Colleague: 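Here it is, the structure in full.
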2 protein chains.
Amino acid sequence: MPKAAPRRDPHWKAFASRRRDPETKREAVLKTAAQLFLEKSYGRTSLNDVAERLNITKPALYHYFRNKEQILLECYRLGCGLIEEILNDIAAHCGTGLEKVEAFIYSYANVMTINFGRCVMRLDDGDLSSEALAEVRNYKRKIDGRLRSFIREGIDDGSITRCDPKIAAFSIAGAVNWICKWYEPEGPLSAEEIATQFARTLTQGLENRNRAATVRERLPDQTTEFPRRGTGVVK
Amino acid sequence: MPKAAPRRDPHWKAFASRRRDPETKREAVLKTAAQLFLEKSYGRTSLNDVAERLNITKPALYHYFRNKEQILLECYRLGCGLIEEILNDIAAHCGTGLEKVEAFIYSYANVMTINFGRCVMRLDDGDLSSEALAEVRNYKRKIDGRLRSFIREGIDDGSITRCDPKIAAFSIAGAVNWICKWYEPEGPLSAEEIATQFARTLTQGLENRNRAATVRERLPDQTTEFPRRGTGVVK
């Protein structure tokens, strides 16, 4: 029986020419691995699968990453780097605490629709070694801390109703992280539609309805268009 | 070096007496496996681990389940059975669409704080065989369909603002399912606190504020206490 030709994705082309720089090749490994983690799960993907899809040998792959977990950690680093840039942008440019939370949801939802975001959030942390787990928990703790600080800021400036910032942050993070489980890039819902509706419905539950009008009057230059700021970063 | 005594959980006692009925023993296997899936992840747990924790042999374990996936599927069936009972109860007893959604969130959040709920929702579906995946997707589709129908009912009866029921349902399911990733039974937040705040904040984003007052007047017997109905079922 003739053997079926191995499936390849466009990233293998990075290895088809000797002239490509190592950075491009490294990125191709990451993109291909992320795609495989999504197709087969992290646990079921082997370095052999990655090498085969890229049409390179396993030793060639070891030149870029020493094991599967290093690839996954690099995906985490990239995704968290993106989110941190967004968070700094929001902290510097948005108005009330509520507007910051809204901007965060919008931008974070966009990150959850790209492969790096999707493949890392799908993972059961129990599949990680203890060193990797420590690094990943550190990223998560940082992002969670920033979101909680936006919520506390909103409670202080009167834009957000009294609530437990910890539960509120987990509720928002959960809704947004879960996108990785159901979002289909070729599906009927666009990332834009999802991010917009999430930013709207998830913040209305936090809004301090009694004081909302007063706060908006105090900040005439800030509009609800702020959430769209993050888009450029993640596309 | 002396070997450390294997760790046991209280469920091994079900196998310590010959008089226990098979149903009790089967349940002990499930509870122990769920505990291990939470401690080590599904992928890293072996049937040997389960047998060792229960202080029984692997062949004795095969008497109850033929492989690890069968145990996981049984956890799914139990969890989904609980949720279905809750959904029927809500459909029969709650008032407006919005109240039904609120009751659903409250009860479902409670299921996500028990081990069966936590261990199945943590899983990357890619770790399942295609038959198991089909069964699991069927459960998820059913629950998602019921939640969407409550949302549509709310849009029709005027209690829920116009929105895409699919995105709204995914947003709610995500927030609630994510509880499995961060909830700690011994932690500072009780299941009751989490379920109550989730039910409140996640529904306020859906509420049709213009018509909320009118709808409440139309249904004088229905109160916001409905969400508490589900508690008895999941404890």
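All values derive from a computational prediction rather than experimental measurement. Per chain, numbering begins at 1; letters A, B, ... match sequence-line order.
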Colleague: For B:Cys163, does its backbone N or O pair with a side-chain atom of A:Gln197 as donor and acceptor, under 3.5 Å?
Modeller: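 Pair absent, no side-chain N/O of A:Gln197 close to backbone of B:Cys163.
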Colleague: For A:Leu38, is it the side chain, the backbone, both, or neither that has a heavy atom closer than 4.5 Å to a heavy atom of chain B?
Modeller: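 Interface part for A:Leu38: neither.
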Colleague: Heavy-atom cut-off 4.5 Å, strictly under: side chain, backbone, both or neither for A:Leu189 against chain B?
Modeller: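 Side chain only.
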Colleague: Give the intermediate values and the outcome of side-chain contact (heavy atoms from CB on, under 4.5 Å) for residues B:Leu202 and A:Thr201.
Modeller: CA-CA 8 Å; B:Leu202 289 171; A:Thr201 57; over 6 Å; no
Colleague: Specify which of B:Lys40, B:Lys166, B:Glu193, B:Arg44 makes the most heavy-atom pairs with chain A at under 4.5 Å.
Modeller: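 Going by pairs under 4.5 Å, I would pick B:Arg44.
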Colleague: Between B:Lys181, B:Lys140, B:Arg200, who has the most heavy-atom pairs with chain A when the cutoff is under 4.5 Å?
Modeller: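 Most heavy-atom pairs under 4.5 Å with chain A: B:Lys181.
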Colleague: Among A:Asp164, A:Thr45, A:Ile194, which has the most heavy-atom pairs under 4.5 Å with chain B?
Modeller: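 Heavy-atom pair counts peak at A:Asp164.
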Colleague: Side chain from CB out, backbone as N, CA, C, O: work out which of these in B:Leu133 comes under 4.5 Å of a heavy atom of chain A, or both, or neither.
Modeller: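 Answer is neither: B:Leu133 stays 4.5 Å or more from chain A.
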Colleague: Closest heavy-atom contact between A:Ser171 and B:Ala175?
Modeller: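 Looks like O-CB, 3.2 Å.
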Colleague: Go through the structure and list residues passing ring-ring contact (aromatic ring centres under 6.0 Å, His included) with B:Phe198, not counting sequence neighbours.
Modeller: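 Residues passing ring-ring contact (aromatic ring centres under 6.0 Å, His included) with B:Phe198: none at all.
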Colleague: Counting only heavy atoms not in A:Lys142, do more than 12 sit closer than 6.0 Å to its NZ atom?
Modeller: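 Count not over threshold, so no.
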Colleague: With only heavy atoms counted, which part of B:Met121 is less than 4.5 Å from chain A, the side chain, the backbone, both or neither?
Modeller: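 When you check distances to chain A, atoms from both the backbone and side chain of B:Met121 fall under 4.5 Å.
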Colleague: Specify whether B:Trp178 and A:Trp178 have parallel, tilted or perpendicular ring planes, treating 30° as the upper limit for parallel and 60° as the lower limit for perpendicular.
Modeller: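 Taking A:Trp178 first and then B:Trp178, their aromatic rings stand perpendicular (interplane angle over 60°).
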Colleague: What part of B:Ala109 gets within 4.5 angstrom of chain A, counting heavy atoms only: side chain, backbone, both, or neither?
Modeller: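 B:Ala109 has no heavy atom closer than 4.5 Å to chain A.
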